[in-house]
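Written out below as structure tokens is the structure these notes cover.
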Amino acid sequence: MAASPAVLSPSSALTPTPSRPEFNVVDAYEAALKHDSNLSAPLAAILALAAMISGSDIGTMAELLTALHSACTRLQQHRSAIGISAGCNLFTRFVAQYQDHARDFEHQKVEIVNQGRKFVDEAKSYRAKIARLALSFVQDDFVILTHSYSRVVMEALLLIHKHKRISVFVTEARPNSLGQKTCDASTAAGIPCTLVLDSAVAYVIDQVDVCMVGSEAVVESGGLVNAVGSYQMALVAKYANKPFYALAESYKFHRLFPLSQSDVATAASAGGSRHSLPSSESGHSSSPSVISPAVDYTKPKLISHVFSDVGILTPDGVSQYLVSMFLE
Amino acid sequence: MSEANHPPNASPSSAPPKPAQKALTKAERRELQERQRAAKAANAGAKPPKPPKQPPQAQQQQQGTSSQPSTPRPGGSSGLGPAAAKKDAPAAASSQSAPTAAVTDAMRGLRIFSHFGLPKHAGTLRSNVKTREIHPAILRLGLQFAEFNITGANARCLATLQALKTVIQDYATPQDSTMNRDLIKHLTPQITYLVSARGMSVSMGNAIRQIKLYISGLSIDLPEQDAKELLCSQIDTYIQERIIAADQVITSSAISKIQDGDVILTYARSSVVEKMLLEAFDLGKVFSVIVVDSRPMLEGKKLLSVLSSAGIPCTYCLLPALGSVISQVSKVFVGAHSLHANGAVSSRAGTAMVATIAKTHAIPFLICCETYKYTPAVQLDSFAMNELAPASTMHANLPSSLRADLRLDDETEAAQRPNLHALSPLYDLTPPSSITAVVTEMGIIPPNSLAWIPLSQAEQ
């Protein structure tokens with residue numbers, strides 16, 4: 001959360017296995033996550049891809065891009081989380097633009113891998129940057145409403161707590177109930193925290209001063225992809241005229257442009273499902289089908305600001321940043 | 001065309017010489033009197049001289065052809081074309097004519113739209129310029145533009161570029177000058193001629209500007225034929241990159257947004273939307289299309305025939321019927337004439353209505369447009385920059401019973417309508433708030449990011 005170890009020494013799982021073509025990028029990804037629990041999905045993806053490159057014997061840029069592309073596909077099949085997709089796109093874009101004709105390809109590969117790892121190291125400081133930006137938007141005695149568990153929001157809350165008096169409401173975020181984790185961590189740090197039913201967001205909104213949520217991705221339209229319930233919270237906040245802030249590191253910016261919830265579900269469902277509820281006591285034998293997505297898409301007009309390491313952006317600004325970054 | 005045509009740019013006061021030799025009939029005398037009165041009134045403070053509409057109308061009478069849809073002879077923005085022509089029919093026994101007071105009043109009546117200029121037409125083309133200077137390819141193109149045989153931003157731009165390539169190939173550098181300076185001077189009257197045929201589209205303007213940049217970048221040391229080859233290949237590259245390849249990227253991005261079972265709505269006829277729908281169907285996507293169309297251009301009919309011959313299930317309706325079908329629609333894809341820095345999009349008149357209706361029904365409204373149609377101009381409404389369709393197109397394609405009811409072909413005085421002005425702007429502006437996204441070759445972007453396109457392109 002706060003200060004994570006600055007050096008990531010390549011663990012054995014990240015060094016490639018001798019059988020080159022069979023480098024398991026999925027294993028590398030999981031290993032990266034296990035090695036550092038604070039690592040977010042996009043960064044772990046980047047590390048896995050870097051590891052794949054460093055161990056490979058690819059000789060040309062074209063081959064490299066092809067190999068990257070197939071590795072990204074494998075990663076996304078493993079966990080179809082939009083964060084992974086964002087990290088893959090970012091790294092692939094970087095490699096495609098990388099030009100260094102002064103040295104031979106082996107050196108270029110080494111340089112690419114080093115830059116990838118350096119980026120991940122620097123990116124670990126992004127959460128602290130975002131927390132500092134958020135600090136100035138909160139005053140004493142503020143009540144902050146948040147959703148589920150987000151590491152960047154957690155870091156922001158802890159930093160704000162050091163400087164100001166705040167209290168926190170957090171939604172349970174069923175079915176994963178990650179809101180409880182936020183509550184435990186806040187209480188342990190001394191922040192008064194209240195757990196709120198998912199359906200009670202409208203009930204509490206009048207007591208709340210500001211809503212802050214994390215993100216799995218921020219998309220081209222300026223909208224937000226986050227744990228299911230964020231869209232609902234944003235709608236309620238908009239109606240109640242409370243600011244709704246999305247906290248997102250810049251590597252989570254994604255060029256997807258969803259037109260509807262289903263666009264996001266196909267791109268990003270990390271574990272959502274249709275499943276049946278356990279049958280009730282009255283003995284119903286047939287269980288009804290259930291819609292239980294993992295993420296939803298919050299429309300850009302509902303978001304007041306996106307707090308990011310590149311600055312505080314309006315939803316329009318996200319697209320302008322993406323257009324200028326990806327079209328160099 | 002008879003020699004009786006005087007230059008249309010002549011002011012109403014410089015009317016053709018009075019038929020002194022002929023005995024003036026009463027009608028002719030009256031017409032002469034009115035002409036003088038109009039000339040006085042026109043000089044007294046009306047707008048700068050406008051091309052009088054009489055010569056073409058006189059021609060119309062002389063040639064005895066009724067206005068066919070494919071050869072609009074606009075009577076001017078007043079739409080008094082047929083009416084004014086009929087009025088002069090008794091007077092224009094000879095080939096001379098001039099704007100009557102009624103017609104001048106009509107021109108003044110539409111002052112609010114007069115900054116669009118009166119619609120051009122084929123008749124004015126050849127008479128206002130030394131046609132010897134104009135390359136035959138350009139002459140042909142001008143005629144096609146004026147008669148609306150080539151419509152659509154992409155089509156016009158491509159046709160212009162092909163014609164300019166021909167002009168460049170036929171060009172010979174004069175002794176005392178260099179190609180990179182003289183060629184631009186040589187092209188200027190050609191382009192002016194095209195503009196006089198029909199106002200330039202933003203796509204044409206951007207392309208021509210780029211060509212001029214290529215020309216001025218020519219090295220002086222290059223032999224003439226090599227320079228011409230280079231220019232032509234640069235033009236080809238521009239077409240390939242900015243139009244053809246861009247269309248392919250746009251098509252694949254747009255297709256990724258189509259899901260099986262979608263009902264796609266489109267308006268009028270966009271070349272890139274047409275390509276996209278045909279390719280989506282080829283790829284096996286299951287969808288149906290609603291083509292919304294509007295008069296006077298009725299371009300949707302052609303799109304409908306192309307799509308339905310490919311096998312796509314289509315529905316066709318006119319714009320007023322949009323409200324009845326909108327509830328079935330999943331997505332709207334339309335094309336554009338130009339993209340503006342403030343995120344607004346100029347497209348065929350009626351597009352803004354489709355956008356508004358789609359928005360109120362929370363239906364995604366997507367514009368498919370290549371970035372070469374981007375202009376840094378900020379446009380806030382449909383009035384500042386627009387083009388009027390020739391008035392005769394308003395009456396084109398009408399069934400004969402309706403024509404009889406409206407007495408459109410009636411040449412008597414009784415059938416005239418001096419107080420009726422026909423107005424048919426060709427474009428309208430869709431504000432960024434109604435647009436969900438713009439699909440360009442640089443990705444699917446929200447309209448407010450359009451202004452960043454040239455910055456990103458400059459870095460490439």
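Using a cutoff of 4.0 Å between basic side-chain nitrogens and carboxylate oxygens, A:D263 and B:K257 are scored as salt-bridged.
When all heavy atoms are compared, the tightest approach of A:Y29 to A:A45 is CD1-N, 3.6 Å.
For chain B, the nearby part of A:P258 is the backbone; its heavy atoms alone come within less than 4.5 Å.
Less than 6.0 angstrom separates the ring centroid of A:F137 from the ring centroid of A:F307.
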Passes side-chain contact (heavy atoms from CB on, under 4.5 Å), A:V213 versus A:F244? Steps please. CA-CA 8 Å; A:V213 303; A:F244 183 88; 3.7 Å; yes
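Under a 3.5 Å cut-off, the side chain of B:S203 and the backbone N or O of B:A153 do form a donor-acceptor pair.
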With a 3.5 Å cut-off and sequence neighbours excluded, list the donor-acceptor pairs that the side chains of residues 277-291 of chain B form with protein atoms.
| unit_1 | atom_1 | unit_2 | atom_2 | d |
| --- | --- | --- | --- | --- |
| B:K285 | NZ | B:I255 | O | 3.2 |
| B:K285 | NZ | B:I258 | O | 2.6 |

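Heavy-atom neighbours of chain A within the stretch residues 361-368 of chain B, taken at a separation under 4.5 angstrom, comprise B:P364, B:L366.
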